[in-house]
Amino acid sequence: MNQGALRPFLVKLAKNIEVSMVVTRFAPSPTGYLHIGGLRTALFNWLWARKNGGKFILRIEDTDLVRNSKEATEAILEAFKWVGLDYDGEVAYQSKRFDIYKRYIQKLLDEGKAYYCYMSKEELDKLRQEQIQRGERPRYDRRYRDFTGTPPQGVKPVVRIKAPLEGDVVFEDGIKGTITIRAEELDDFIIARSDGTPTYNFVVAIDDALMGITDVIRGDDHLYNTPKQIIVYEALGLKIPRFYHVPMILNEQGKKLSKRDGAMDVMEYKRMGYLPEALLNFLVRLGWSYGDQEIFTLKEMIELFDPKEINKAPSAYNLSKLDWLNAHYIKNTPNEKLISLLEDFGLFLANHDKKEILVDALKERAKTIKEMAQMAKEILEEPQSYDEKGVKKALKGEWREILELFLQKLQAKEAHLPVDFHQVVEEVVQERKIGFGKIGQPLRLALLGKMAGPDLSDIMAIIGKDKTIQRVEKLLKRYQ
RNA sequence: GGCCCCAUCGUCUAGCGGUUAGGACACCGCCCUUUCACGGCGGUGACGGGGGUUCGAGUCCCCCUGGGGUCGCCA
């Protein structure tokens with residue numbers, strides 16, 4: 001095959017590669033922390049890009065200079081870091097791209113596809129009120145669309161785009177199917193504010209096109225923005241990406257999620273002791289599933305995720321399922337890792353000689369790292385009071401004689417490991433011919449101050465012989 | 001209110017014209033066990049309502065009801 005014959009083939013190959021390339025993005029506006037709905041959207045985009053060996057871009061939508069904050073951007077970045085989502089290239093800031101948008105706005109102006117509108121905010125508000133009173137849908141009346149006269153003085157104009165006057169804007173949504181919006185429902189929306197800065201629907205379309213975004217996965221609160229963005233794409237002759245509008249996450253009552261619903265901030269989950277892998281697993285199953293599978297590693301998610309399979313209906317989150325997932329991931333996290341996570345909750349175990357026994361005992365029962373820290377403290381710290389019900393239940397019969405015998409035997413013995421302590425308890429049981437509970441219950445009360453907790457032998461080994469004796473003596477003394 | 005979208009156990013979901021409607025969380029029993037968990041076994045529990053289409057509808061169509069989104073010089 002000579003070069004001339006090969007060339008068309010290579011061109012075709014290159015085109016196919018381009019077609020199959022997937023570029024997604026997450027585009028938050030920096031007005032607050034990253035919330036769980038945003039994180040799910042980010043995850044979906046990230047998974048889809050990674051699955052296809054494509055790119056995932058993080059773009060900060062900060063065109064509204066007065067509402068943005070640097071802290072919010074940092075909070076979003078921090079949340080990304082915590083859950084372990086990465087992104088390709090540098091973070092893109094729209095505020096640094098104003099000159100680009102300006103050029104496109106000018107282009108539309110020059111081509112007569114956009115125009116200056118001199119209506120003031122007050123006039124607009126008045127118009128809207130009148131329309132609402134008449135029971136009409138409030139919308140701009142296009143009074144400056146074909147304006148040729150002398151513009152009013154002292155009004156800084158906005159730029160509006162000419163939306164189609166008739167027909168439908170139709171697009172294919174990867175989740176919801178064909179969406180049709182009639183032209184009458186759209187108005188000539190503003191693409192540049194009176195201060196010259198561009199607005200959301202305009203810059204989104206420009207950036208998605210310029211950055212080569214092929215798949216836009218976003219919340220379905222953007223569904224109605226899509227036809228507006230399509231108007232921009234078409235006015236500029238840009239390639240329209242595929243859209244996937246993900247239904248919202250609802251609160252536990254099945255109502256719209258609001259700031260009042262508590263744990264909205266992703267970082268709040270860290271503070272509550274959740275593991276990022278549990279949160280991600282929880283979130284990926286909200287609106288998406290793969291048969292009966294509940295547990296997904298990140299690798300499996302990448303392998304199996306497909307935005308086309310996302311549910312059409314909104315889903316309510318339920319914390320108890322997150323708890324279950326978190327408990328699962330805690331059980332499967334190496335002790336060393338747990339010990340370092342525990343430090344965020346004021347528990348420092350790194351130098352404790354029985355840390356393995358302690359963590360092993362706790363990881364089976366804790367739902368969160370925070371809870372785990374609490375349980376550990378209950379073991380490590382001498383009880384200051386005794387559970388009332390426990391006292392009634394455990395301190396009866398010959399409990400005193402039993403514990404005294406136990407103390408006597410323990411004092412006479414070397415004890416370090418759980419088996420050593422277990423052996424002492426066993427001897428008491430044998431000698432007194434009693435059931436394990438007869439000694440177990442008062443002993444547990446002495447050690448923990450309450451009736452629930454890990455294996456007694458483990459607890460004694462963790463705190464050691466001396467503290468065990470101290471605690472038993474304390475109980476004996478307290479209830480003479 | 002207009003427009004758009006949606007609807008299977010309390011919750012997350014499987015189902016893609018013929019299923020005893022499956023799984024998970026939660027809940028309730030039982031087992032394991034010195035206790036609490038974990039784990040194992042079992043149970044309660046759903047196709048919002050009404051019309052069609054079809055030999056046959058959770059699955060297709062229409063209406064109602066309910067829910068969500070949206071109607072900014074915010075994103």
Side-chain angles (χ1 to χ4, degrees), chain A residues 27-31 61-64 66-68 94 117 119-121 124-125 128 132 135-140 156-160 173 175-177 179-182 184-187 189-201 203-204 218-227 245 247-248 250 252-256 282 285-295 311-325 327 331 361-367 375 390 393-394 425 429 435-445 448 450-457:
Chain A
S29 66
T31 50
E61 311 243 324
D62 53 356
T63 56
D64 188 349
V66 296
R67 294 187 193 216
N68 305 318
Q94 291 187 321
C117 168
M119 199 173 181
S120 68
K121 265 184 195 167
L124 233 191
D125 285 344
R128 285 205 182 101
I132 290 168
E136 293 170 18
R137 185 177 108 85
R139 59 151 54 111
Y140 173 63
K156 281 187 155 184
V158 298
V159 179
R160 289 181 180 272
D173 187 278
I175 295 171
K176 307 206 179 218
I179 305 291
T180 305
I181 309 281
R182 289 205 316 279
E184 302 96 85
E185 296 300 323
L186 276 354
D187 61 2
F189 60 93
I190 292 169
I191 58 175
R193 303 182 181 93
S194 47
D195 65 0
T197 57
T199 60
Y200 170 76
N201 281 117
V203 297
V204 166
R218 73 212 325 185
D220 73 358
D221 49 336
H222 286 286
L223 194 72
Y224 182 71
N225 288 322
T226 307
H245 287 98
M248 304 278 89
L250 273 23
E252 299 209 74
Q253 288 73 240
K255 297 291 179 193
K256 186 185 175 180
F282 173 68
R285 282 287 285 98
L286 237 41
W288 177 81
S289 62
Y290 184 76
D292 286 340
Q293 191 168 341
E294 295 287 347
I295 306 292
N311 271 182
K312 291 175 170 182
S315 39
Y317 72 72
N318 66 322
L319 248 20
S320 53
K321 188 142 186 180
L322 209 210
D323 282 343
W324 174 74
L325 281 165
K331 284 184 204 100
L362 263 27
K363 71 199 287 190
E364 287 297 317
R365 38 202 113 216
K367 288 201 281 285
M375 288 171 157
K393 200 175 173 191
V425 174
V429 166
F436 216 118
K438 282 276 183 287
I439 177 171
Q441 294 196 339
L443 185 52
R444 179 172 296 281
L445 193 68
L448 297 179
K450 61 176 197 173
M451 302 299 281
D455 181 88
L456 289 172
S457 305

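In the text below, chain A, chain B and the rest are named by the order of the sequence lines, each starting its count at 1. Only heavy atoms go into these numbers, but all of them, side chains included; no hydrogens, no water, no symmetry mates.
Protein atom CD1 of Ile295(A) is 11 Å distant from nucleotide atom C1' of rC25(B), rounded to whole Å. Rounded to a whole Å, the CG atom of Leu186(A) is 12 Å from the P atom of rG72(B). To the nearest angstrom, P of rU34(B) lies 14 Å from CG of Leu443(A). For the pair Asn68(A) CG and rA75(B) P, the interatomic distance rounds to 8 Å; values are reported in whole Å. Computed from coordinates, the Leu445(A) CG to rU35(B) C1' distance equals 11 Å when rounded to whole Å. Here rU35(B) presents its P atom at 16 Å from NZ of Lys450(A), a figure rounded to the nearest Å. The OH atom of Tyr200(A) sits 16 Å away from the P atom of rG72(B) (whole-angstrom rounding). The CG-C1' distance, from Asn225(A) to rG72(B), rounds to 11 Å in whole Å.
Taking CD1 from Ile175(A) and CG from Asp220(A), the interatomic distance works out to 8.5 Å, rounded to the nearest 0.5 Å. Distance check, rounded to the nearest 0.5 Å: NZ of Lys438(A) to CG of Leu443(A) gives 14.5 Å. With rounding to the nearest 0.5 Å, the separation of NZ in Lys331(A) from CZ in Arg365(A) is 11.0 Å.
Here the separation of rG68(B) from rC36(B), taken at their C1' atoms, is 42 Å to the nearest Å. As rounded to the nearest Å, rG17(B) and rU33(B) have P atoms that lie 50 Å from one another. Distance check on atom P: rG67(B) versus rU8(B) gives 14 Å, rounded to whole Å. Separating the P atom of rC6(B) from that of rC62(B) is a span of 11 Å, rounded to the nearest Å. Across rC9(B) and rC47(B), the matching P atoms stand 7 Å from one another, rounded to whole Å. For the C1' atom pair drawn from rA46(B) and rA21(B), the interatomic distance equals 9 Å after rounding to whole Å. Using C1' as the reference atom, rC60(B) and rG39(B) are 45 Å apart when rounded to the nearest Å. Here the separation of rC30(B) from rU11(B), taken at their C1' atoms, is 26 Å to the nearest Å.
When heavy atoms are screened at a 4.0 angstrom cut-off, Lys438(A) is found touching no nucleic acid atom at all. Counting any heavy atom pair closer than 4.0 Å across all strands shown, Thr31(A) reaches no nucleic acid atom. Residue Met119(A) is in base contact, counting any heavy-atom pair closer than 4.0 Å across all strands shown. Counting any heavy atom pair closer than 4.0 Å across all strands shown, Pro247(A) reaches no nucleic acid atom.
When the nucleotides rG68(B), rA75(B), rC73(B) are ranked by their closest atom to the side chain of Asn201(A), rA75(B) comes out on top. Side-chain atoms of Ile190(A) lie closest to rC73(B) of the nucleotides rC73(B), rU34(B), rC36(B).
Scanning atom types as modelled, no donor and acceptor separated by under 3.5 angstrom connect the side chain of Asp62(A) and the base of rA75(B).
The nucleotide rC47(B) finds no pairing partner, because no Watson-Crick or G-U wobble arrangement with both distances shorter than 3.5 Å includes it. In this structure, rU19(B) makes no Watson-Crick or G-U wobble pair, since no nucleotide meets both defining distances under 3.5 angstrom. rG72(B): no Watson-Crick or G-U partner with both key distances under 3.5 Å is found in any strand. Pairing for rA57(B) is absent, with no Watson-Crick or G-U wobble pair whose two atom distances lie under 3.5 Å. Here rA37(B) sits opposite no nucleotide as a Watson-Crick or G-U wobble pair (both hydrogen-bonding atom distances under 3.5 Å). Base pairing analysis places rU11(B) opposite rA24(B); the two distances defining the Watson-Crick or G-U wobble pair are each below 3.5 Å.
Note on Arg128(A): a side-chain N or O is less than 4.0 Å away from OP1 or OP2 of rC73(B). Not one side-chain nitrogen or oxygen of Thr199(A) sits closer than 4.0 Å to the OP1 or OP2 atom of rG72(B).
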Leu223(A)/Asp173(A) under side-chain contact (heavy atoms from CB on, under 4.5 Å): CA gap, chis, key distance, verdict: CA-CA 9 Å; Leu223(A) 194 72; Asp173(A) 187 278; 4.1 Å; yes
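The backbone N or O of Arg285(A) lies less than 3.5 Å from no partner atom in the side chain of Ser289(A), so there is not a single donor-acceptor pair. Within the 3.5 Å criterion, the main-chain N or O of Ser457(A) finds a donor-acceptor partner in the side chain of Asp455(A). Arg444(A) places a side-chain N or O within 3.5 Å of a backbone atom of Pro454(A) that can act as its donor or acceptor partner. For the pair Arg67(A) (side chain) and Thr31(A) (backbone), a donor-acceptor distance under 3.5 Å is absent. Using modelled atom types, one side-chain atom of Asn68(A) and one backbone atom of Asp62(A) make a donor-acceptor pair closer than 3.5 Å.
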Sequence-aligned protein contact record of nucleotides 2-18 of chain B, with B where the base is within under 4.0 Å of a protein heavy atom and S where only the sugar-phosphate is: BSSSSS---BBSS----
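Within 6.0 Å of CZ on Phe436(A) lie more than 12 heavy atoms contributed by other residues, nucleotides or ligands.
Position along RNA chain B of the nearest nucleotide to Arg365(A) versus Pro138(A) favours Arg365(A) as the more 5'-ward residue. Comparing Met248(A) and Glu61(A) by the nucleotide of RNA chain B whose heavy atom lies nearest to each, the residue mapping closer to the 5' end is Met248(A).
Taking the 5.5 Å centre cut-off and the 30° plane limit, the aromatic side chain of Trp324(A) is not classed as stacked on rC25(B).
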